[in-house]
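Structure, as structure tokens:
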Amino acid sequence: MNDFKEIKVRFAPSPTGPLHIGGARSALFNWLFARRYNGKFIVRIEDTDLDRSSRESEENILSSLRWLGLDWDEGISVGGANGPYRQTERLDIYIRYANQLLERGLAYKCYCSEEELAAQREQQLAAGEMVRYTGKCRDLTPEDCERLEKEGRKPVIRFKVPLGRNIIINDIVRGEVSFECDGIGDYIIVKSDGIPTYNFAVVVDDHLMSISHVIRAEEHLSNTPRQVLIYEAFNWPMPEFAHVSLILGKDRSKMSKRHGATSIEQYRDLGYLPEAMANFLALLGWSSGKEQEVFSLEELCSQFSLDRVVKSPAVFDLDKLNWLNGHYIKTSPVERIAKLAVPFLQKAGYLSENPDDKTMEKVQLVVVAVRDYLEYLAQINDYVDVFFNDPEYSDPEARQVLSWEETPTVLRAVIDKLAAMTSAHMDEAAAKSLLKKLPKDLGLGGKKVYLPLRSALTGKTRGPELYHLLPALGNSAAIRRLETALDVAGH
RNA sequence: GGCCCCAUGGUCAAGAGGCCUAAGACACCGCCCUUUCACGGCGGUAACCCGGGUUCGAAUCCCGGUGGGGUCACCA
């Protein structure tokens, strides 16, 4: 298909903020593609925007990537033969190539000021034309340059875009896309401070790093002809391009902060599981063609292919993410969910800083009792109070139930049974059998038994299964609550 | 506005000319299970943007329109 010996792809974020949902999907697609075809995945940092880039963002992005379960064969923080992998550490390389273009007359220095350019841009915009540089400095003589530099002007380097040409891109997901060169205008490849621009650095790096497939978001499609021109100027082999459609917000515009949580870390902090996030992201723009919705990372690796990537943009559907995440919460080992739940419980004050083993056992029992309710872990605090704090019996419905004349009989019966038990905690099976026998033993209907019990134990008429509640509470706490309830009801 | 991309239910999407009386999933609604609330099970409502072609036959191919989106920086 192309001239490259091996499949090699990259994710090249600019460290100007946390990892965005869209960026995460691009990273995932690249990673899946590499894993599927036994290629290499590399991560490179594009930090040529000095004002907005930061090490904090870089760290943040990398940690989000790792959290999602992605790893890379080469690149930032793991090294490799084609480093460095931070563009600001490769400046001499770009200058060398830019000078080559200058020498060959394929690029030139431009001394136009930003003010002049801004005015021109406005004029073109108003006239309804494509905004582009008109080539004012294209034919400056060396003497002109010298004079302008003496005036103190610092030049940028512009690439000389050939006139009258048509650039055709064969995009893997989009098919043939063509652009007229006349609409592009000579663009800047090196800024006046000597830092290369994206459109130039990306090509130099992708070439030097032998990138065979450029998989990225559709917003880059209109940049592609500029990059193609650079490949051609150096006579470098062209990679395949695959432009994946954007992820949209509810209002169908490009996803941004206004649409709610947009960064991976925000979802992580709300208690979304990485495998749910990856599964969901994979389904945004790709489908297996089969009737399967739940995919492990491994399954994704073995099934992913670019020809099943959809062309149309996808709206970010929080409902579906929630469903998937809930699914993973229900099906993961309890120990894991319990561990993940700890920070949330601590934040709400239910747990101390370093919960001991005994506490963790209780947390597991709590998780067993409530995890079916959860879409994401932060919601756990909506359901667990009943396990950690004795009820206040302020709920009118529960008080009503406690005032039933059969209630004391039920509560006393259970108190007796609990008191007679040899172990301090019963397990789920023991709780179930105790509960099951109750109605018959007391000669009462289930409603008359379970509702009073629930109300006495929790102060509420709805909540987790009693057979989950009893083991988590422990016998003495249960007895205490039942006795308090008898008092409260005035029996 | 110029250039570029896109167009199947509310959302994600299957569909690559007859198999479509158009999958599946999320959401929604109903029933069942549960003597609570969820979970779960079963069922239901709901879509090929419009107009022209091409063809015996079009959701699928072509053209036009409309709509939506992206992009037009010394940002990536």
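Below, read A as the first sequence line, B as the second, and so on, with proteins coming before strands; counting in each chain starts at 1.
Dashed line: the shortest gap from a side-chain N or O of R308(A) to OP1 or OP2 of rG15(B) is under 4.0 Å. Note on R25(A): every side-chain N or O is 4.0 Å or more away from OP1 and OP2 of rC12(B). In terms of phosphate contacts, K311(A) brings a side-chain nitrogen or oxygen within less than 4.0 Å of OP1 or OP2 of rC6(B).
Residue pairs meeting the ring pair (Phe, Tyr, Trp, His ring centres under 6.0 Å) criterion with at least one partner in residues 180-207 of chain A, sequence neighbours excluded, are F159(A)-Y187(A), Y198(A)-H220(A), H207(A)-W236(A).
Look at the P atom in both rG9(B) and rA47(B): the space between them is 9 Å, to the nearest Å. Comparing rU11(B) with rC20(B), their P atoms sit 25 Å apart, to the nearest whole Å. For rU45(B) and rC31(B), the C1' atoms lie 15 Å apart once the distance is rounded to whole Å.
A donor-acceptor pair shorter than 3.5 Å cannot be found between the side chains of R90(A) and T48(A). For the residue pair D307(A) / S305(A), a side-chain donor-acceptor distance below 3.5 Å is found, with atom types taken as modelled. In the model, T224(A) has a side-chain atom that pairs as donor or acceptor with a side-chain atom of H243(A) under 3.5 Å. For the residue pair E375(A) / Q379(A), a side-chain donor-acceptor distance below 3.5 Å is found, with atom types taken as modelled.
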Show me the protein contacts with nucleotides 71-76 of chain B, counting only N or O atoms at under 3.5 Å.
from	atom 1	to	atom 2	distance (Å)
rU71(B)	OP1	K254(A)	NZ	2.7
rU71(B)	O2'	S222(A)	OG	3.3
rC72(B)	O2'	V131(A)	O	2.9
rC74(B)	O2	S192(A)	N	2.9
rC74(B)	O2	S192(A)	OG	2.7
rC74(B)	N3	S192(A)	OG	3.0
rC74(B)	N4	C112(A)	O	3.4
rC75(B)	OP2	K191(A)	NZ	2.8
rC75(B)	O2'	D49(A)	OD2	2.7
rC75(B)	O2'	R52(A)	NH2	3.4
rC75(B)	O2	R52(A)	NH2	3.2
rA76(B)	OP1	T48(A)	OG1	2.7
rA76(B)	OP1	K191(A)	NZ	2.9
rA76(B)	OP2	Y198(A)	N	3.1
rA76(B)	O3'	E46(A)	OE1	2.8
rA76(B)	O2'	S14(A)	OG	3.0
rA76(B)	N6	N223(A)	OD1	3.2
rA76(B)	N6	N223(A)	ND2	2.7
rA76(B)	N1	N223(A)	ND2	3.2

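Across the strands present, rU34(B) finds no partner; the criterion is a Watson-Crick or G-U wobble pair with both atom distances under 3.5 angstrom.
For rC39(B), the O4'-C1' to base torsion is within 90° of 0; the nucleotide is therefore syn.
G183(A) comes within 4.0 angstrom of no nucleic acid atom, judged by non-hydrogen atoms across all strands.
Distance from the side chain of R462(A) is smallest to rU36(B) among rC4(B), rU36(B), rG69(B).
Atom CD1 in I61(A) sits 6.5 Å away from atom OG1 in T16(A) (nearest 0.5 Å).
Heavy-atom distances under 4.0 Å link RNA chain B to D372(A), Y373(A) of residues 365-382 of chain A, given in residue order.
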